[in-house]
Amino acid sequence: TMAASRATFALVVCALLVASTWADCRFARKYTVESLLNDAGAREAFLHDIARAEGKFQADGIGYDVSSGHTFDGHELDYGSGLLQPGGLHVFSAPSKESLHVALLTLALAGNVYAQEFVVSSINGTVDQAKGLALEILTRKINSYDRFNTSYPGYGGFMPWVNITHGVLAPASGWGKQVPALDNGELFWALFACQRVLDEMGQTGLAQRYQAYMDYQSKTAPVVFYGGEGKVRWVSTIKNAQAPPSPDNYDGDATAGDPYEGELFTWMMDLFSSWPNAAAREAPWIAKRAMLVALNYTTAEGRAITVQRGFWYSAHENWKLAFLPYLDIDITRRVFENCERARTRFSSEHRIPGMYACVNDVTRPGKPIPDYVGDVGIPQLAYLTNISWRPDLITPYSVYPLALVNQTAALVWYHNMLLGPKMQGPYGSTEAINVNGTEISPLLTWDSKITTLVGLLGGVSSIVTRSLAARPALLARFHEVVLREYGRVFGTGPLAGEGEPYTLPSAHIPTDALTDFTGC
């Protein structure tokens, strides 16, 4: 039929355009472990290649909606070609995805050339266009946030998981009367960094709009989420989404916080929300102390490496390191360096060709992608015990916390995973692969792709520090609490294992079971 012919023609044109705009998307093969370890120029070239490749994802109808400026969760891929799967757009998103996009836009505005390459890659632009495009996207974002808040005042200025249809945001299925704290904490600090850079650039009007949005969130956060006695409703139930925030409009179980990525929300409330007294402000930190635990990873040679216990010990848990200046504080920097020593050592000792982070599952050709998998990590370093672990499932973004403490080692591990079959395609890295190289997750998402780039570029914590330093009492409060809480668990002296190296991969993903994407 005429329609079928046009569809086929469009697919061929799309394939040709992708091929012409990124002729060698399997660029990892240009590099060796030796070059990445010993040649700063090779590392720099690899980063440029990564930024441009991942930037193909920031395109209308793939990674974001151009009319609203809002992220989509991502897009499914054709298993054979690596091109976009028809009908495979994930029209939903969450504040966590927004936090990654805003972080990279902020870095681009701040002059980071890699972030600028990311921003303009999908339009085949030049870096001198990046700031203008970033400002356009950020303007559309705040317009969308404000429209959502006007349409759904019961969310208190916070965002649930949303669907984006014709540029309009609406609560996604299951989120019509619920809103998460954790994801909104992640987004808050990206916005905080963004506002600072906008202000420094002289973009006063846009900076003021973001500041007003965050001020409103700071005001409503205790109303929407705080359950008293140091506990938070991590998912708050809204009785009437059309009513303005009031204490009797929210319900849900309140629990102690965690010392992982949820801590970003705790910090938003601590530093910017109103507290009746000092004891109330301290209550959330006291309530969650039981979750902050030191324990030792024992190497194959019997040596100890002291780390912070994880929930699963998934890399996803260390999101806070990219957004707040934990690594500026001696004890937390040394703890999280050790965490990555243990993470790399575990994979190397067990001949795992990658590392672990929560991710969408792998599947066979022609089969749908199964559920999102949380049960990936290092069992002996995890809070959870009686679960069915998935030691077969690895993902490139597992390197991002390592990148924050040792970029070179992270690039080597990332490179090792990109060399797996179908792990590079026309839109950058692929979601996940199993250790045998027999199945992939044919998907593009912000979590599995862009977290990596944010980590490799150092996150936005230095910008956050700059902004907090303008209000010295806030930065002093951050240092005081972090030193107190980590000091009571880890002390201030040397930690076992600080002399251990970041171990490099000892195995490769087999390449004989799957062929590479034909669209690459």
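Below, all heavy atoms of this structure are taken into account, side chains as well, without hydrogens, waters or symmetry copies.
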Check whether more than 12 heavy atoms from other residues, nucleotides or ligands sit under 6.0 Å from atom CG of Asp330, and answer yes or no. yes
Between the main-chain N or O of Asp371 and the side-chain N or O of Asp361, is there a donor-acceptor pair closer than 3.5 Å? no
Pairwise distance CG(Leu321) to OG1(Thr332) - rounded to 0.5 angstrom: 8.5 Å
d(Lys239 NZ, Asn249 CG) to nearest 0.5 Å is 7.5 Å
Using 30° and 60° as the class boundaries, would you call the ring planes of Phe346 and Tyr297 parallel, tilted or perpendicular? perpendicular
Any idea how Phe478 and Tyr326 line up, ring-wise: parallel (<30°), tilted (30 to 60°), or perpendicular (>60°)? perpendicular
Is the number of heavy atoms from other residues, nucleotides or ligands under 6.0 Å of Tyr383 OH greater than 12? no
Passes side-chain hydrogen bond (donor to acceptor under 3.5 Å, both in side chains), Thr71 versus Ser93? Steps please. CA-CA 6 Å; Thr71 52; Ser93 189; 2.7 Å; yes
Could you tell me if Gln308 and Tyr486 have a donor-acceptor pair between their side chains, going purely by distance under 3.5 Å? yes
Look only at the side chain of Tyr356 and the backbone of Ile378, and say whether a donor-acceptor pair between them is shorter than 3.5 Å. no
Is the gap between the ring centers of His70 and Tyr64 under 6.0 Å? no
salt_bridge(Arg196, Asp199) N-O dist < 4.0 Å: no
Please confirm whether the backbone N or O of Ala279 pairs with a side-chain atom of Asn277, one donor and one acceptor, at under 3.5 Å? yes
Approximate separation, where rounding is to 0.5 Å, of Met269 CE and Gln217 CD: 12.5 Å
Shortest non-hydrogen separation from Leu404 to Leu327 and the atoms involved: O-CD1, 3.7 Å
Could you tell me whether Glu337 and Arg334 have a side-chain N and a carboxylate O separated by less than 4.0 Å? no
As an exercise, state the distance from CG of Leu182 to OG1 of Thr266, rounded to the nearest 0.5 Å. 9.0 Å
Aromatic rings Phe118 and His101: how do their planes relate, parallel, tilted or perpendicular, breaks at 30° and 60°? perpendicular
Under the side-chain contact (heavy atoms from CB on, under 4.5 Å) criterion, do Trp319 and Leu100 qualify, and how do the steps go? CA-CA 10 Å; Trp319 201 291; Leu100 298 171; 3.6 Å; yes
Shortest non-hydrogen contact between Pro222 and Ser274, atoms and distance: CG-O, 4.5 Å
For a side-chain hydrogen bond (donor to acceptor under 3.5 Å, both in side chains) check, start with the C-alpha distance between Thr445 and Asp447, then their side-chain angles and the critical distance, and finish with the verdict. CA-CA 5 Å; Thr445 66; Asp447 283 35; 5.5 Å; no
At their closest point, which heavy atom of Leu138 faces which heavy atom of Tyr210, and how far apart are they? O-OH, 2.6 Å
Considering all heavy atoms of both residues, which atom of Gln116 and which atom of Ala130 are nearest to each other, and what is their separation? CB-CB, 3.5 Å
Does Ser314 reach the main-chain N or O of Gly377 with its side chain, forming a donor-acceptor pair under 3.5 Å? no
Any donor-acceptor N/O pair, Trp312 side chain to Leu384 backbone, under 3.5 Å: no
Is the closest basic N to carboxylate O distance between Glu282 and Arg477 below 4.0 Å? yes
Take the angle between the ring planes of Tyr152 and Tyr155 and call it parallel below 30°, perpendicular above 60°, tilted in between. perpendicular
Salt bridge or not between Asp215 and Lys219? Use side-chain N to carboxylate O under 4.0 Å. no
Any donor-acceptor pair under 3.5 Å linking the side chain of Lys320 with the backbone of Leu264? no
Sidechain-backbone polar pair: Glu44 side chain, Ala40 backbone, donor-acceptor under 3.5 Å: no
Is there a donor-acceptor pair closer than 3.5 Å between any side-chain N or O of Arg303 and the backbone N or O of Gly497? no
Aromatic ring pairing Phe272/Phe192, orientation class (parallel under 30°, perpendicular over 60°, tilted between): tilted
Using a 3.5 Å distance criterion without hydrogens, assess whether the side chain of Ser347 forms a donor-acceptor pair with backbone atoms of Gly354. yes
What I want to find out is whether Lys288 reaches Glu263 closely enough, with some N-O distance under 4.0 Å, to be called a salt bridge. yes
Which value, rounded to the nearest 0.5 Å, describes the distance between Leu504 atom CG and Trp413 atom CH2? 7.5 Å
NZ or CZ of Arg341 within 45° of Tyr502 ring axis and under 6.0 Å: yes
Assess whether atom CD of Glu349 is packed by more than 12 heavy atoms of other residues, nucleotides or ligands within 6.0 Å. yes
side-chain contact (heavy atoms from CB on, under 4.5 Å) between Tyr114 and Leu107: does it pass, once the steps are laid out? CA-CA 9 Å; Tyr114 303 108; Leu107 289 169; over 6 Å; no
Do you know which two heavy atoms are closest between Trp189 and Gly185, and how far apart they sit? CD1-O, 3.3 Å
Any donor-acceptor pair under 3.5 Å linking the side chain of Tyr213 with the backbone of Gly157? yes
Do Asp328 and Arg333 meet the salt-bridge criterion of a basic N to acidic O distance under 4.0 Å? no
Do the ring planes of Tyr414 and Phe46 sit parallel (below 30°), tilted (30 to 60°) or perpendicular (above 60°)? tilted
Using side-chain hydrogen bond (donor to acceptor under 3.5 Å, both in side chains), reason through Asp258 and Trp234 one step at a time and then give a plain yes or no. CA-CA 10 Å; Asp258 65 71; Trp234 292 99; over 6 Å; no
In Å and rounded to the nearest 0.5 Å, what is the OG1 to CG distance from Thr465 to Leu475? 6.0 Å
Only one of Thr395, Ile394, Leu402 passes side-chain contact (heavy atoms from CB on, under 4.5 Å) with Ser398, and that residue is Thr395
